[in-house]
Amino acid sequence: MTTYNPQEIEQHAQKLWEEHQSFEVKPDKNKEKYYCLSMFPYPSGKLHMGHVRNYTLSEIIARYYKMQGRNVLHPIGYDAFGLPAENAAIKNKTAPAEWTYANMDEMSAQLKRLGFAYDWSRELATCKPDYYRWEQWMFVKLFKQGLVYRKDAVVNWDPVDQTVLANEQVIDGKGWRSGAEVIRKTIPQWFLKITDYAEELLSSLDNMPGWPDSVKTMQRNWIGKSKGLELDFQVEDFGKVSIYTTRPDTLYGVSYMAVAPEHPLALQAAAADTELAAFLKQCGKEQSNEAAMATMEKKGMYTGMDATHPLTGEKVPVWVANFVLMTYGTGAVMAVPGHDQRDYEFAQKYDLPITQVIDAEGDVSAAAITEKGHLLNSGDYTGMNFGQAFVAMSEHFKATGIGRVQVNYRLRDWGVSRQRYWGCPIPIIYCDDCGAVAVPEEQLPVTLPEDVVFDETGGSPIKKMPEFYETVCPKCAKPATRETDTFDTFMESSWYYARYTCPHYSGGMLSDEADQWLPVDQYIGGIEHAILHLLYARFYHKVLRDQGLVNSDEPFVKLLTQGMVLKDGAKMSKSKGNTVDPQCLIDQYGADTVRLFSMFAAPPEQSLEWSDEGVEGAARYLNRVWFQVTSFVEVTTEKEFGMTSDLDKSQKDMRLKIHQTIAKVTEDIGERQTFNTAIAAMMELTNALSKFSDESDNGMAIRHEGWHSLVKMLSPFAPHMTQALWSQLGESELLCEASWPEVDQSALVQDEIEMVVQVNGKLRAKLAVAADASKEDIEALALIEENVMKFTEGKVIRKVIVVPNRLVNVVVS
RNA sequence: GCCGGGGUGGCGGAAUUGGUAGACGCGCCGGAUUCAAAAUCCGGUUUCUUCGGAAGUGCGAGUUCGAUUCUCGCCCUCGGCACCA
């Protein structure tokens, strides 16, 4: 018997896989494909526990399906562009590229040390020109087709550092480096028309059973489809102001209008009113993110202009309000304080009239009545319900030409411009004569210079590099200026899963191999990506489809969203100082232990509480398996075992346990994806097999069957150790190439079943009944149980409920 | 603020379709082994208890023969909110 030496065993197994190129795959017509993918990492430094968890999850699934006979594609790469590389560049005076490549090397070494079954030949990094050139190529294509446009949009501007800040770099309204008050600045930026796909992105969700309902709900709410009325109000000295409302039934309750601070009406009014201008300026200092907008104090100011109510003809004042979003609807709203809580609070603050025009439960002197009901005090519409009023009013406004039914989406077009260096250059050239011109295909890629120096402000170096931005117009050949903004890094992560199918293809964005692997069968990543990344990738996939590059409608068939890794109840992070370095654990216990614990500690979708003692437990378990299997191998030299059909009770029970466990582990991995319970079941089997010391021929055959099956089932979790045990069991093929154990249905047949007997829902007895006993027999047996009689004595039996194979409940009173 | 999760022993968690609450593991307690310790192995471990039982899954109601599971109302906590990835 040898002792369990993880370092040695793991090195040996990894060498075997490398020699056999076990995980390098090509499309194979004779095997069903399975594409298993974890969200690729941002190369921020060393691996952290969140990575280990993410990659172990896809690993278990990939190895499981390989053993199920599928042709499994399981690739890895790096989401290599992004802000942290720039921060590191400022701090360490290194170029972002250098820092990124060093991190990638370090992470790859760690991933290899963990023994993950990746096809390393397909590794990619998004910061390499042979990757991002195709992103530029697609952008140019979409530009020519009108799916890309340029418009003004707001950024966080640090007036001291003279640079644009990411939301993350704004702390309490101040720039993180300069400490200066951040202001809203409007600059021209590029947008992708994701809203053209809003309806399909919404409706496809109904046909995605492999996605969690929570994620689909979040995406539905994010897209935010609503049906309402767009209505024109006439404003004196200004003209038409359109509003959008989903509650036209409350129109008679309008007591004022409110426009966004950036609305043209507000700007016009402010031109002649210094107080209003000051108010708008103040609004421009407030954070524009949605959370801040929703929680900040509601403030407003009268513009001095009045609108005419389209039905009553009455004058209603037009206000500027800091909570009206220029980016949703028309940037102007009709305010109905009686039936909208936000309008209500605003009206109370500024003493505007509050009237009730809907008959529903509530009291307008206390709060807005937001429930629907029949209309009150609403002219010809009085008495109608919501639906009737909606139809009648939309017909009326359609006839008079001042209103129309409108479907609106909360989803906004995707702004892809970033005023940052470490990203994919946007392939546009600005010419004084020709305007914005796409870089011609033959000039792609527009390569990002990697040898750059950052200054203290963090401003993008390429914006100060004439050798980068000075160029000539592709149309007229006159001197022109290259775009120095780069793409949002979500652009790269929106199609990398497709590029893994043909990472080295130089003839185009995707080769024919794409459709042989796509869609991804199983995608795994953090829940924090539930909306943005997953929505952008779905959108991009539909764009790829419409460009004829893929033939599927959705990129990810099944989605598993993993929870975070916590320590002492808080997310592991460098700033909190509660990180656990996976490398230390690997050095101490080996990769198998780290993998096993990360799967055992919690179900994948929940957050995982880190525990050093728990890791010990996982190591102890692997040691036990090692000891048991090697001990078993010592007492027998046989490899083939014959089993006769006349098993005794304990032998039957042992076989029952073995095959129940195979069924359970197969379901837990393949269907439920609850890897923690799969491990628990294997631990139970290990305990049972350890106690089963039958040395008869049948006993030995059952023990061989048990250990053999356990080693296979444990192999996705602890592939190194199980590979070594597999050899010891006399097998010469690689375990990762072996087939998954199968359930022997005959072993599952039980003659007798234990049932529970309750009296008034409380457990009073346990009953062993024949598997084929009738309900009547079971009921009769239950009622004569001693402890049952004790609790039914002197009482009237009202009802007896018999749930087959489970329980009997005797209801007495 | 809005949207989506989560809350079960000392701890991580299990209970799959409304049917034995606490599987499995950690920790702890006791025992074996040992000169001793570590490691390992065996047993116990929700709380209260008059030892018959009773209570118990964040809190409060409800549906049901039966609720951790379903419904309603709260509390706490985590994720996202469009330039962190």
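Predicted model only: the values in this text are computed from it and were never measured. In what follows, every chain begins at residue 1, and chains take the letters A, B, ... in the order their sequences are listed.
- In the model, A:D668 has a side-chain atom that pairs as donor or acceptor with a side-chain atom of A:T677 under 3.5 Å.
- Pair check for B:C59 finds B:G73; Watson-Crick or G-U wobble, both atom distances under 3.5 Å.
- As the counterpart of B:C41, B:G31 is assigned, both hydrogen-bonding distances of the Watson-Crick or G-U wobble pattern falling under 3.5 Å.
- Heavy atoms of A:N623 sit nowhere under 4.0 angstrom from any nucleic acid atom.
- Base-pair partner of B:C26: B:G10 (Watson-Crick or G-U wobble, both distances under 3.5 Å).
- Nearer to the 5' terminus of RNA chain B, by closest-nucleotide assignment, is the contact made by A:N809 (compared with the other of A:E168 and A:N809).
- With a glycosidic angle no more than 90° from 0, B:G52 adopts the syn conformation.
- Note on A:M564: only backbone sugar-phosphate atoms sit closer than 4.0 angstrom, heavy atoms only; bases stay farther off.
- Distances from the side chain of A:M683 to the nucleotides B:C84, B:G53, B:G25 place B:G25 closest.
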Apply side chain to side chain donor-acceptor pair (under 3.5 Å) to A:T56 and A:R595, showing your working. CA-CA 6 Å; A:T56 305; A:R595 295 163 55 122; 5.5 Å; no

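- Using a 4.0 Å heavy-atom distance criterion, A:Y328 is classed as making no nucleic acid contact.
- Among the protein residues, A:Q341 comes within range of no part of the nucleic acid, since none of its heavy atoms lies under 4.0 Å from any strand.
- Put simply, A:R620 has no side-chain N or O that comes within less than 4.0 Å of OP1 or OP2 on B:C24.
- A:L535 comes within contact range of no nucleotide atom at all, as no heavy-atom separation falls under 4.0 Å.
- Within 4.0 Å of A:E616, counting heavy atoms only, lies no atom of the nucleic acid at all.
- Atom CD of A:Q606 is separated from atom P of B:C78 by 16 Å (rounded to the nearest Å).
- Look at A:S611 and you won't find any side-chain N or O under 4.0 angstrom from OP1 or OP2 of B:C11.
- Within the shown strands, B:U47 is the pairing partner of B:A54 under the Watson-Crick or G-U definition, both distances less than 3.5 Å.
- One finds no salt bridge joining A:E684 and A:K664 here, because no Lys/Arg side-chain nitrogen approaches an Asp/Glu carboxylate oxygen to under 4.0 Å.
- Using a 4.0 Å heavy-atom distance criterion, A:V811 is classed as a sugar-phosphate-only contact.
- Nucleic acid contact for A:R220: none, since no nucleic acid atom lies under 4.0 Å from a heavy atom of the residue.
- The nucleotide B:A67 finds no pairing partner, because no Watson-Crick or G-U wobble arrangement with both distances shorter than 3.5 Å includes it.
- As judged by a 4.0 angstrom heavy-atom cut-off over every strand, A:Y621 is placed among residues making no nucleic acid contact.
- A donor N or O paired with an acceptor N or O is found under 3.5 Å between the base of B:U16 and the side-chain atoms of A:K664.
- Across A:A530 and A:Q219, no two heavy atoms sit closer than the pair O-NE2, 3.0 Å.
- Checked against a 6.0 Å centroid threshold, the rings of A:Y523 and A:Y497 do not count as neighbours.
- A:K216 comes within 4.0 angstrom of nothing in the nucleic acid, heavy atoms only.
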Test log, rule ring pair (Phe, Tyr, Trp, His ring centres under 6.0 Å), inputs A:F487 and A:Y132: CA-CA 10 Å; A:F487 281 133; A:Y132 66 68; 9.5 Å; no

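- Pairing for B:A36 is absent, judged as Watson-Crick or G-U wobble with the two contacts each under 3.5 Å.
- When the side-chain nitrogen and oxygen atoms of A:R418 are compared with OP1 and OP2 of B:C84, none of them lie within a distance under 4.0 Å.
- Within 4.0 Å of A:E684, counting heavy atoms only, lie sugar-phosphate atoms of the nucleic acid but no base atom.
- Using a 4.0 Å heavy-atom criterion, one finds that A:W414 contacts no nucleic acid atom at all.
- Judged by distance alone, with hydrogens and angles left aside, the side-chain atoms of A:T593 form no donor-acceptor pair with the main-chain N or O of A:A618 at under 3.5 Å.
- Applying the 90° cutoff around 0 to the glycosidic angle, B:G9 is assigned syn.
- At the phosphate of B:G19, neither OP1 nor OP2 sits under 4.0 Å from any side-chain N or O atom of A:N805.
- Base pairing of B:G4 is made with B:C78, judged by Watson-Crick or G-U wobble geometry with both donor-acceptor distances under 3.5 Å.
- A:D79 comes within 4.0 angstrom of sugar-phosphate atoms only, judged by non-hydrogen atoms across all strands, and of no base.
- A:L534 has its CG atom 14 Å from the C1' atom of B:A82, to the nearest Å.
- One can place CG of A:L532 at 8 Å from C1' of B:C81, the figure rounded to the nearest angstrom.
- Dashed line: the shortest gap from a side-chain N or O of A:K762 to OP1 or OP2 of B:G53 is not under 4.0 Å.
- Both A:I801 and A:G617 sit near RNA chain B, but only A:G617 has its closest nucleotide nearer the 5' end.
- The partner of B:U16 cannot be assigned: no Watson-Crick or G-U wobble pair with both contacts below 3.5 Å exists in any strand.
- Atom CD in A:E785 sits about 18 Å away from atom P in B:U20, given to the nearest Å.
- Side-chain atoms of A:T163 and A:D158 include no donor-acceptor pair closer than 3.5 Å.
- The residue A:V757 sits apart from the nucleic acid: no heavy atom pair falls under 4.0 Å.
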